[in-house]
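Here the structure is a predicted model, which means the values were calculated and not measured. Note that ligands are numbered from 1 as they come in the structure, with each ligand's atoms numbered from 1 the same way.
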Amino acid sequence: MEMQITARAIQHELRPGLVVPAWAYNGQVPGPLIRVREGERVRVSFRNEIDINTAVHWHGLPVPNGMDGAAGVTQTPVGQGERFVYEFEAGPAGTYIYHAHGHEHQARELDMGLVAPLLIDPVSQDLPADREWLIMLDEWEVPEAHRTRPREMGQGSDITGTLDRYNIGTINGKAAPATEPFMVQEGELVRLRIINTGFALHGLRFEGHAPWVTHVDGRALPYPQQLRDLQVAPFERLDALLLADSPGEWRVYDPVWQSRGMSTLLRYVGKKDGPGAGWTPRPLPAGWEKAPRYNGLAAGVPATSPGTFDRVYKVVIQMGMDGSNMVWTLNGESWPHVTPMAVRAGERVRLRLGNMTMEDHPMHLHGHAFQVIGINGQFIGEPWLVKDTINLRHMDVIDVAFVADNPGKWMVHCHQAHHADAGLSTLVVYE
Ligand code: C2O
Ligand code: CU
């Protein structure tokens with residue numbers, strides 16, 4: 001697969017009458033879908049035509065370090081008018097994101113629209129599905145759309161990137177009533193691929209239906225689980241199967257964000273010919289109700305100890321001061337003045353992440369996937385969740401484990417990019 005991608009400034013219509021300045025990949029918000037088969041070679045020639053330095057990051061993909069697109073860490077930033085060629089082998093199969101990853105202005109780049117979906121189809125049989133809906137959720141800050149006066153900018157530092165400033169919620173780049181309705185035939189099985197490219201946790205509800213979650217962050221759950229609210233933290237992905245068995249017209253919405261436009265319709269149009277959906281989820285093992293939960297999903301079979309590892313790092317998120325500025329800290333350190341976590345190729349590494357602050361922190365590790373092996377002190381012997389981004393709420397302690405199998409220098413950071421821009425970022429570095 002070969003493709004040219006150019007980032008440039010456009011005017012984007014969120015809904016009729018509400019047009020905002022945006023930055024877009026190939027003129028689209030969200031950017032163009034990249035869809036390839038596992039094992040396929042991907043070659044993307046990227047050109048930067050926006051007026052700040054940037055780079056393209058392949059979120060969730062274990063690409064070689066030099067292709068990771070973390071400007072200032074794995075590559076020189078791509079300046080205005082410059083080009084950079086990304087090349088890697090697609091894998092593993094799953095739902096991913098590519099997005100801008102500049103050095104200090106990540107929140108701005110993401111806010112302006114430099115996000116896009118990337119899907120990798122497996123070589124062998126995938127889930128059975130009659131159709132697929134790609135659903136990208138995002139938030140926008142649009143001063144003109146505030147009914148009251150826009151909030152004053154530039155007073156003191158705003159390191160939290162207060163979420164209430166985002167007054168528009170979008171599905172696939174549009175706010176209601178401009179969102180596209182989802183059409184379905186009775187009897188069909190629909191694969192949902194939900195991607196959150198905003199800074200807030202979203203819970204998507206398909207009125208009249210309870211989909212089966214099959215994948216988190218692109219990786220299959222051994223036991224699919226049925227949920228009413230599909231919760232997706234920033235830069236997480238959730239795949240689910242929805243059985244279209246209740247004809248009518250239904251709402252699809254985030255209860256918290258629907259008034260800001262994050263809603264659409266699910267509309268039945270006719271009936272599927274031939275047999276209905278032939279999919280039976282693998283039953284959950286006995287006693288699964290006792291499993292610790294993450295966003296409503298049972299995370300695996302409880303265990304009394306976390307097991308043994310070659311390295312264990314504790315990472316505590318707090319707020320601190322850098323001179324007279326408030327910053328976010330990891331173990332008291334704030335990017336770029338951080339002590340990297342050292343690992344060696346082949347090691348099994350455990351990270352214990354703790355959130356001592358009032359806000360959510362969706363923590364993301366570049367270049368690797370991790371198992372979720374402990375939630376608030378409850379260890380998990382047989383982990384079902386394999387992810388690359390994990391949301392820590394106030395006072396959460398979550399243990400994750402990964403195998404050091406992709407040498408390089410990798411970022412670990414909060415994906416609420418306002419937090420990352422204000423220091424909430426560190427590194428895993430191979431010795
Ligand atoms: Cu989704 Cu450091 O990135
Ligand atoms: Cu954060």
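Residue His418: no N/O/S atom is found under 2.8 Å from the Cu ion (ligand 2). The nearest N, O or S atom of Cys414 is closer to the Cu ion (ligand 2) than 2.8 Å. Because the distance cut-off is set at 2.8 Å, His366 fails to qualify as a neighbour of atom 1 (Cu) of ligand 1, as none of its N, O or S atoms comes that close.
The Cu ion (ligand 2) is the vertex of the angle joining ND1 of His419 and ND1 of His361, which measures 100° to the nearest 10°. The angle that His59 ND1 and His99 NE2 make at atom 1 (Cu) of ligand 1, rounded to 10°, works out to 120°.
Taken from NE2 in His413 to NE2 in His101, the straight-line distance is 3.5 Å, to the nearest 0.5 Å.
The closest approach of His413 to atom 2 (Cu) of ligand 1, by N/O/S atoms, is made by NE2. Counting just the N/O/S atoms of His415, the one with the shortest distance to atom 1 (Cu) of ligand 1 is named NE2. The atom of His101 nearest to atom 2 (Cu) of ligand 1 is NE2, with the search restricted to N, O or S atoms.
The number of heavy-atom neighbours closer than 6.0 Å to CE of Met356, taken from other residues, nucleotides and ligands shown, is 12 or below.
Comment: Arg311 engages Glu431 in a salt bridge, judged by a side-chain N to carboxylate O separation of less than 4.0 angstrom. Residues Arg8 and Asp51 are not paired through a salt bridge, judged by the lack of any N-O separation under 4.0 Å between the basic side chain and the carboxylate.
Side chain of Thr74 to backbone of Met67: no donor-acceptor contact under 3.5 angstrom is found. Judged by distance alone, the side chain of Thr179 and the main-chain N or O of Ala175 form no donor-acceptor pair under 3.5 Å.
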